[in-house]
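One structure below.
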Amino acid sequence: MANNLEWFRVPEKIYFKKGSLPIALRELKDVYGRKKAVVLTDEAGFRNGTAKPVTNLLNELHIFYSLTAVQQSEASVLAGLDAVKKFEPDCIIAVGNTAVTAGKAIRILYENPELTFAELAKRVNLRDRTLETLKTGKAYFVAVAASDSVGDEVSPFSIEIPADEGIGIQDYALLPDMSIIDTDLIQQEDISTIAFLCMIALGNAAMVFYSEYTSDYAKGLAFRAAQLVLTYFPRYQAKPDDMYVLERLSNAAEMAAMAFSNVYDGVQSPENVDCLAAALGMSTEELENRFDEICDLAEAE
Amino acid sequence: MSNEILVDSVETLEAKIQAVRAAQEKFASYTQEQVDTIFKAAALAANHARIPLAKMAVEETGMGILEDKVIKNNYAAEHIYNAYKNVKTCGVVEEDKAFGVTKVAEPIGLIAAVIPTTNPTSTAIFKSLLALKTRNGIIFSPHPRAKKCTIAAAKLVLEAAVKAGAPEGIIGWIDVPSLELTNTIMKEADIILATGGPGMVKAAYSSGTPALGVGAGNASAVIDDSADILNAVNSIMHSKTFDNGMICATEQTIIAHKDVYDAVKAELLKRGAYFLNDEEKNKIRNTMLINGALNAKIVGQRPYKIAELAGFTLPEEVKVIVGEAEDTSVNEAFAHEKLTTILGMYKAESFEDAMDKAEQLLFNAGGLGHTSSLWIDNNSAEGRKKLNTFADRMKTCRILVNTPSSLGGIGDLYNFKFAPSLTLGCGSWGGNSVSENVGVKHLINIKTVAERRENMLWFRTPQKVYFKKGCLPVALDELKNVMGKKRAFLVTDEFLYKNGFTKCITDKLDEMGIAYTVFADVQPDPTLESAQKGADAMRKFEPDCIIALGGGSAMDAGKIMWVLYEHPEADFLDMAMRFIDIRKRVYTFPKMGEKAYFIAIPTSSGTGSEVTPFAVITDQTTGQKYPLADYELLPNMAIVDTDLMMSAPKGLTAASGIDAMTHALEAYASVMATDYTDGIAIRAMQLIFEYLPRAYKDGTDVIAREKMATASTMAGMAFANAFLGVCHSMAHKLGAYHHLPHGIANALLITDVMRFNAAEKPAKMGTFSQYQYPHTLARYCECARACGVTGDSDEEVFEKFIAKLEELKDAIGVKHSIQEYGVDEKDFFDRLDQMSEDAFDDQCTGANPRYPLISEIKEIYTRNYYGKKD
Ligand SMILES: NC(=O)c1ccc[n+]([C@@H]2O[C@H](COP(=O)([O-])OP(=O)(O)OC[C@H]3O[C@@H](n4cnc5c(N)ncnc54)[C@H](O)[C@@H]3O)[C@@H](O)[C@H]2O)c1
Ligand SMILES: [Fe+2]
């Protein structure tokens, strides 16, 4: 049977706005009483101190932590898992896109010790409700957005893990327990980074309107996300240091990812923007032009 | 230059003040690095001169002990330097980028420093170093009997500082001190740093200039029966004889427990104390106090000298004179501060009695706020308990434990987190403005630069929201297959139960072999009483899962029962306490979900309660409504199945549909609206405009019913995160006072409230960091345009949007006035004032973009009582 049930699922707690990180992370201690954290970043972040705002706070909260660098690959997930198993944390905090992506897989493997990577890698259909549900709850999982983030903080995907399996692992158990989008952690100077974020947001929004499983929940978020990108990206170009604009664009990315996560059916459709253009009240051509312009900027290094 | 002014008159002092001020103005722009260089050089120079300065002090004052004064000078230079060498005192001293707070330190300006005879050089060194570290200028007013040595110390520090780059003349002094000049400098300085006797401190505080004055000491050492007597007695002897007892924190009396009194006495005798006989006691009493004031001649003297003055002889080797006493009143000389080598000694019947005596001495004979000391076995549990009681009772700012109080009180010698200082604050008990050991932080002004930051925001929904016609049994599958639940408790109302709404659930539960019980006694506007009944039933049944099925009433009742079931101790009054910020509220909501998983299943499209953290409950005895709001109340799962809504009668469809529209509109206009809530609120509005009239006209229209179900849940998600506004505040009270259905009450008010909110010049706007200016008109126009309204100006678009809403209301049969719903005119206006005030105080008012005045609420009610006249 195709679908006699639809759903809307997002992380239980999504916190956002400039300066939200220190307030949100405090809950680890005040609400959840956590004592031991593994903090994940990518290798560049490990060298450059991307996770510093997080580790500084953990010190302040007297939460004992270990910092680990990960990559988006099977080998790195397994190595990370090893480190986590040894440390036995009661929470895992991933900072930035790569770490969030790898962290989702590490967390699930840590919580389900009988599950092998190969078995996890077979879970590539979000809509397959016959799959046995994976456990979570031992390690509270926090996803923190950084400069390279494009919405994975709120999605149930572990993109490109493994690399050759379509979009990658998909399972609602991968959803973070808490997502934090604090623009203080996002460097806004680099236009290609911001254009990339906008490109993914628009692409996700278009997919939502095109998907056979679309819903009003997803459309409401996707429509607004697309509107935000189209309104605020030009403002970003004109004034890249405007915090307010960056905040709107990062919200757009998260909202589009939330919407996309709830309608995705395992097939990534072409960039068909007809339906989105119609909803926005613009011609397909006009939207395509705007889209292309953003893609060009995203790809120009 | 300025050094050449000899200050001996008011005129020359004025000139000096000008000169120091000029130097300080330059000094104010020095960097931390420059200041630290000067600070170090000055400290080094003072330390080098510790012996000559000590010699001068003893010679000039005739008090104290040379070798001990060397230690004091050394301490004032070295410990002060070490404590503050890395402390930031210039410019930005603290920065928190995330919270947008920067702290900037600035000098105060000119310090007037009054110096006592008891520590004339060490205190001068101490104060000059503090002044240099904080970029202040300082002028010393020495004691007439110690002026030479104080000036020598100040001069020496000045020379070293200037050599290291400080402005010429940054430190000054009065060469020929007099009361008049001391008063003048105290009046003209920017702050007074006064160390000395009570008279002088009082003068400092009375001068009108901010003062850091510190009071007199009168420490007593309580010796408990658990104390290590050897350690206690020898430490006290050591402390008491240091510089002949002139440090203000020095022990003045011993209060020994009767069980150890003799042992203490024996040890004192063994170590060189002399116990006075009655005749000698009286002689000492008469010498010690003159008209109730301490005789300056005995200060800082050895026992044989004091005896000589009193008219008897003692051998030179006597170290301390002890006078045993019983009276703790002001009349007993031994109860007073002595500043010399005389100790009073009392016998206590018990620890309790010892504390009583210590307290009486403080209150009767002086020393309130200064220092107390306790000798005790602080490693035993009982000892720690006694220590806590002692610390609790003594009204002193220093409570020293197993520590000689003179050198212990000045800090950093017997405890290394206790700030070193020669100016010890006595708090308000001692009539002082500081209660700590005075340091650099007391001599700078801290500016706090606070940049506007916006509040953290969030988006929270139940973990699982399931929807689609017929989804109920499929969704419930999880209860068994995923969650392994065994006992379900169903909450619903009688109507729904009798009409078989629960059947599809109970069938499914039977099929899965989950035991269940049904509570079908929920009333409209559920009461605390019925919720309590439900919770009692739950406690008997012990469900691991609660399923609330129905309209807002059943879902709200279910939430409350859930709370009462999991936390019977919770207090409703506390939970319902009005708050401004849900994250900062005083009450911490109990943690939910430990006993049962909560599933909400709506049967009408309107309240959105299945996805909100709110519940309203009425206390049947008082009629009081308790609106509860906390994300702990968020259901864990929401199941929105249109099959359950197909039979809703027209009245319910209309009222709940327009309620959902009001939720979307108020959430969008709320000061807490976010991009996330905006997106779903707009979609909800679009759906309601299109499908509510269809669902109303033809209840069997599946698509319309399904879209309305979605719209209502989405609007619920929007206001679950952005909250509502004053329309709901007013509707709540209209419902409570005149029994209008909730949705109808909203329908009657919403368009007029929108006009009220859209004003570009409101009487008061809402307070919320991210709400920067009244922009509600533009916000409504965003909704309007997204719902297909066009126009040339915002005003035009807004008017058309209002018209579109009126049209919607007409299409679903909403009447035009409160009056038309049968509300009695006299009753309405009789109770209007109270209703307006209650609406103003409703929890929903806080998020409204325009902060309403009570009179404005009354006007809106009045206008809508009669409605549109056309
Ligand atoms: N928690 C929240 O977020 C929230 C929001 C809005 C309102 N509320 C609360 O909800 C309550 C009002 O809720 P309500 O308006 O849904 O009223 P309700 O739950 O009292 O239901 C009204 C009547 O409609 C009947 N009914 C429900 N579904 C039906 C259906 N499908 N077919 C036929 N009849 C049906 C019920 O049996 C009931 O008699 C108030 O107590 C209000 O405070 C709560
Ligand atoms: Fe409502």
Side-chain angles (χ1 to χ4, degrees), chain A residues 1 3-24 30-32 53 56-57 129-130 132-133 154 172 175 177-180 182 184-185 215-228 243-244 247-248 250-252 254-255 258-259 262 281, chain B residues 96-100 453-475 477-478 481-483 583 588 591 611 631 634 636 638-641 674-684 686-687 707 710-711 713-714 717-718 721 770 782 785-786 788:
Chain A
M1 198 158 69
N3 55 324
N4 41 17
L5 172 86
E6 292 296 331
W7 57 83
F8 179 74
R9 296 193 58 177
V10 292
E12 205 193 331
K13 295 183 168 181
I14 302 173
Y15 289 129
F16 51 97
K17 280 207 91 72
K18 178 177 165 63
S20 55
L21 179 79
I23 300 170
D30 294 351
V31 180
Y32 299 104
N56 282 349
L57 268 159
R129 289 181 46 86
T130 62
E132 200 188 320
T133 309
V154 293
Y172 280 107
L175 274 179
D177 296 307
M178 181 190 286
S179 312
I180 304 173
D182 179 347
D184 274 347
L185 274 75
S215 73
D216 286 302
Y217 298 86
K219 279 183 178 172
L221 289 167
F223 171 81
R224 190 64 170 186
Q227 256 192 346
L228 289 171
M243 255 303 160
Y244 177 75
E247 211 170 275
R248 310 309 291 274
S250 65
N251 283 349
E254 302 299 332
M255 289 163 70
M258 280 160 73
N262 281 290
Chain B
D96 187 330
K97 286 204 172 111
F99 285 100
R453 282 286 185 276
E454 300 190 346
N455 296 287
M456 179 177 86
L457 289 173
W458 56 84
F459 184 75
R460 300 191 56 178
T461 61
Q463 245 184 346
K464 297 177 176 177
V465 178
Y466 290 124
F467 55 95
K468 197 165 179 80
K469 190 172 183 307
C471 71
L472 179 60
V474 192
D477 238 17
E478 266 189 34
N481 294 343
V482 178
M483 292 181 256
R583 298 189 56 82
T588 307
K591 183 105 195 73
V611 290
Y631 287 99
L634 208 55
N636 303 111
I639 305 174
V640 188
D641 183 345
T674 69
D675 287 328
Y676 300 76
T677 57
D678 285 355
I680 45 186
I682 286 213
R683 188 77 188 176
Q686 291 167 337
L687 294 174
K707 290 293 189 186
T710 302
T713 304
M714 289 178 75
M717 285 178 180
N721 291 287
Q770 32 267 72
E782 287 168 24
R785 293 192 172 98

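So you know, we letter chains A, B, ... as the sequences are listed, proteins then strands, and number each from 1.
Contact count against chain B (heavy-atom pairs under 4.5 Å) is highest for L228(A) among L228(A), L21(A), V10(A), L221(A). Note: T713(B) leads T713(B), I682(B), N481(B) in heavy-atom pairs under 4.5 Å with chain A. Residue with the most contacts toward chain B among I14(A), D216(A), T133(A): D216(A) (heavy-atom pairs, distance under 4.5 Å).
Put simply, the side chain of K13(A) does not reach to within 4.5 Å of the side chain of Y631(B), judged on heavy atoms. Between E454(B) and K18(A) there is no side-chain heavy-atom pair separated by less than 4.5 Å. In this structure, K464(B) and Y172(A) have side chains that are not in contact, with every pair of non-hydrogen atoms separated by 4.5 Å or more. Inter-residue side-chain proximity for F459(B) and E254(A) is flagged as unmet; no heavy-atom pair is nearer than 4.5 Å.
Heavy-atom distances place no part of S179(A) under 4.5 Å from chain B, backbone and side chain included. With a 4.5 angstrom heavy-atom cutoff, L687(B) touches chain A only via side-chain atoms.
One distance of note links OG of S215(A) with CE of M714(B); it measures 7.0 Å at 0.5 Å rounding. Atom CD of Q463(B) is separated from atom CH2 of W7(A) by 15.5 Å, given to the nearest 0.5 angstrom. In this structure, the separation between CD on E12(A) and CH2 on W458(B) is 14.5 Å, given to the nearest 0.5 Å. Note that CG of D641(B) is 9.5 Å distant from CG of L5(A), once rounded to the nearest 0.5 Å. One distance of note links CE of M258(A) with CD1 of I680(B); it measures 7.5 Å at 0.5 Å rounding. In this structure, CD in E6(A) is found 15.0 Å from NZ in K469(B), a value given to the nearest 0.5 Å.
Heavy-atom minimum distance, M255(A) versus D675(B): CE-O, 3.0 Å. Scanning both residues, G679(B) and R224(A), for their nearest heavy atoms gives CA-CB, 3.6 Å. Here the closest heavy-atom approach between residue K17(A) and residue M456(B) is recorded as CB-CA, 4.3 Å.
Annotation: ring-ring contact (aromatic ring centres under 6.0 Å, His included) contacts of F16(A) (sequence neighbours excluded): Y676(B).
No salt bridge links D184(A) with K97(B); every basic N to acidic carboxylate O contact stays at or beyond 4.0 Å.
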